[in-house]
Chemist: 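I'd like to ask you about the structure that follows.
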2 protein chains.
Amino acid sequence: MTKNNTLQLQDFLPYLLNRAAEATSLDFQKTYKDRYGMLRTEWRVLYHLGRYGDLTAKQICTMADLHKTKVSRAVLALERQRFLVRTEVPTDRRNELLSLTKQGVSAFDDLQEEATRYHNSLMATFTADEQAILQKCLRQIAKFS
Amino acid sequence: MTKNNTLQLQDFLPYLLNRAAEATSLDFQKTYKDRYGMLRTEWRVLYHLGRYGDLTAKQICTMADLHKTKVSRAVLALERQRFLVRTEVPTDRRNELLSLTKQGVSAFDDLQEEATRYHNSLMATFTADEQAILQKCLRQIAKFS
DNA sequence: CGTTGATAGTTACAAATGCAACAAATATCG
DNA sequence: CGATATTTGTTGCATTTGTAACTATCAACG
């Protein structure tokens, strides 16, 4: 029987997080999708290469916590669209070093600027205290740091 | 060129939210998946019926912000597993009223209890102030109320 | 009534994902 | 060296999702 003192779905943290994540993802997705035809994983891979320089697929997997098949397919897509190139690592030919092309860097710069703008616009609706607490809580839940 | 005062991905709100949402979803997913073989959408639909009583698919779409095809398929799956039944509404035969079976209610009770437990265990790591702010911020971002 | 339009729900097809098997290169250790 | 195990990355297949088209019922209005 349904009790009355039950958890409201709107308070249930996984649900709240999912809805909030979906809402922001859909907003920002428009930017990379419309401008560059990218999917979310592709944008994440592009981001890592733009932010941290040349990486192997494996490194991106670890840093972004993405499965290797997802990364593999994202890299293929980005390569086809000329956003990155691969170069063999002579000392270990299992790895391929991934580097952004000029076009990739330019897309990264553009998207990052947009991301910052969007992030700031979301954050602007909160006080400084709220911002700090929100970030702290989310990082903890996401098991960062 | 990559600037230095750039946004850290770990601070980027959509990314943080996604990672946090994924982490909690994966945790809780185990419960409804292992115990009842449910998918996330099925759990959401079950939840709405358990929490709010009999509803039509359309009502669930609106309340849960789910697309009608997702709901349609979740209802089919829940019906096959005998968690709910449909009854035609005589005054408008386009709608079908969905009601949980005894088995559905029992799954709901069980899962809700587990959800509450999980929610509380997550929240327990935060102070009361942090909890309140976290919820407030997430609701706002999720465009709730 | 009867035509047109809206609504509830399903289905079909394409795209995206997850998982397991696979190939190729390297590491280990007798 | 040579057999076995590990690591990197890709591919194939089944599942899940999104979009659009479809069916069936009802509403509106002449």
Side-chain angles (χ1 to χ4, degrees), chain A residues 18-19 21-23 25-27 29-30 32-34 36-46 48-49 54-81 84-99, chain B residues 18-19 21-23 25-27 29-30 32-34 36-46 48-49 54-81 84-99:
Chain A
N18 265 293
R19 294 289 305 262
E22 257 171 64
S25 287
L26 285 180
D27 277 347
Q29 183 181 10
K30 285 205 300 268
Y32 53 75
K33 195 174 172 192
D34 289 356
Y36 302 100
M38 284 184 201
L39 298 174
R40 194 188 310 178
T41 312
E42 293 160 26
W43 149 239
R44 278 207 198 165
V45 168
L46 182 90
H48 278 82
L49 292 172
D54 300 357
L55 299 167
T56 68
K58 172 68 181 169
Q59 289 175 302
I60 297 177
C61 291
T62 307
M63 297 170 77
D65 194 35
L66 289 169
H67 195 270
K68 59 186 180 172
T69 61
K70 264 180 131 175
V71 172
S72 173
R73 292 190 261 238
V75 166
L76 184 64
L78 290 170
E79 189 187 30
R80 283 198 177 130
Q81 294 163 289
L84 62 75
V85 292
R86 323 189 194 212
T87 42
E88 277 199 355
V89 178
T91 61
D92 186 342
R93 274 182 321 202
R94 283 174 306 187
N95 318 346
E96 294 173 312
L97 208 56
L98 307 170
S99 340
Chain B
N18 266 292
R19 294 291 304 264
E22 258 171 63
S25 289
L26 285 179
D27 278 346
Q29 181 181 10
K30 284 206 300 268
Y32 54 76
K33 195 175 172 189
D34 289 356
Y36 302 100
M38 283 184 202
L39 265 30
R40 193 186 311 176
T41 312
E42 292 160 27
W43 148 240
R44 278 206 199 166
V45 167
L46 182 91
H48 277 83
L49 291 172
D54 300 358
L55 298 168
T56 67
K58 172 66 182 174
Q59 289 176 302
I60 297 178
C61 291
T62 307
M63 297 170 75
D65 194 33
L66 289 170
H67 195 270
K68 58 185 181 173
T69 61
K70 264 181 134 176
V71 171
S72 172
R73 293 190 261 239
V75 166
L76 183 64
L78 290 170
E79 188 188 31
R80 284 199 177 130
Q81 294 163 287
L84 62 76
V85 292
R86 323 190 195 209
T87 42
E88 276 199 356
V89 177
T91 60
D92 185 343
R93 274 182 324 205
R94 283 173 305 184
N95 318 346
E96 293 172 313
L97 207 57
L98 308 170
S99 340

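Below, each value reflects all heavy atoms present in this structure, side chains not excepted, and no hydrogens, waters or symmetry copies. Order of the sequence lines fixes the chain letters, A, B, ..., with proteins taken first and strands second; residue numbering starts at 1 for each chain.
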Chemist: Output the rounded distance in Å from CD (B/E42) to P (D/dT17).
Modeler: 9 Å

Chemist: State the CG-OG1 distance between A/L55 and A/T62, to the nearest 0.5 angstrom.
Modeler: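 Here the interatomic distance stands at 10.0 Å.
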
Chemist: Encode nucleotides 18-27 of chain D as B, S and - characters from 5' to 3', where the letter depends on protein heavy atoms closer than 4.0 Å: B to the base, S only to sugar-phosphate, - to neither.
Modeler: BBB----BS-

Chemist: Whole Å only: how far is the NZ atom of B/K58 from the P atom of C/dA8?
Modeler: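 Going from NZ in B/K58 over to P in C/dA8 covers 5 Å.
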
Chemist: For B/L39, answer base if it contacts any base atom (sugar-phosphate contacts may also be present), sugar-phosphate if it contacts only those atoms, and nothing otherwise; contact means non-hydrogen atoms under 4.0 Å.
Modeler: sugar-phosphate

Chemist: Please report the distance, rounded to the nearest Å, between CE in A/M38 and C1' in C/dA16.
Modeler: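 Going from A/M38 (CE) to C/dA16 (C1'), I get 17 Å.
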
Chemist: What distance do B/S25 atom OG and B/E22 atom CD have between them, rounded to the nearest 0.5 Å?
Modeler: 8.0 Å

Chemist: Let me spell it out: for each of A/N95 and B/T41, pick the nucleotide of DNA chain D with the closest heavy atom. Which residue's pick is nearer the 5' end?
Modeler: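 Checking each residue's closest nucleotide, the 5'-ward one belongs to A/N95.
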
Chemist: OP1, OP2 of D/dT10 versus side-chain N and O of A/S72: anything below 4.0 Å?
Modeler: yes

Chemist: Is any side-chain heavy atom of A/N18 closer than 4.5 Å to a side-chain heavy atom of B/R44?
Modeler: yes

Chemist: Separation of B/I60 atom CD1 from C/dG9 atom C1', in whole Å?
Modeler: 12 Å

Chemist: Using 0.5 Å steps for rounding, measure from the CG atom of B/L97 to the CG atom of B/L49.
Modeler: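 It comes to 9.0 Å.
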
Chemist: Take atom CD of A/E88 and atom P of C/dA25, then tell me their distance rounded to the nearest Å.
Modeler: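 Atom CD in A/E88 sits about 9 Å away from atom P in C/dA25.
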
Chemist: Figure out the CD/C1' separation between A/Q29 and C/dA16, and round it to whole Å.
Modeler: 12 Å

Chemist: To the nearest angstrom, how far is A/L66 atom CG from D/dT10 atom P?
Modeler: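 Rounded to whole Å, this separation is 14 Å.
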
Chemist: Would you say a side-chain N or O of A/R40 is under 4.0 Å from OP1 or OP2 of C/dA15?
Modeler: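 Looking at the OP1 and OP2 atoms of C/dA15, neither is under 4.0 Å from any side-chain N or O of A/R40.
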
Chemist: For a 4.5 angstrom cut-off between non-hydrogen side-chain atoms, does B/E96 reach B/V75?
Modeler: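 In short, these two side chains do not touch, never coming nearer than 4.5 Å.
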
Chemist: Scan for salt bridge (Lys or Arg N to Asp or Glu O under 4.0 Å) pairs involving residues 57-79 of chain A, sequence neighbours excluded, and state none if there are none.
Modeler: A/D65-B/R19, A/E79-A/R86

Chemist: Kindly compute the distance separating CG (B/L39) from CD (B/Q29), expressed to the nearest 0.5 Å.
Modeler: 7.5 Å

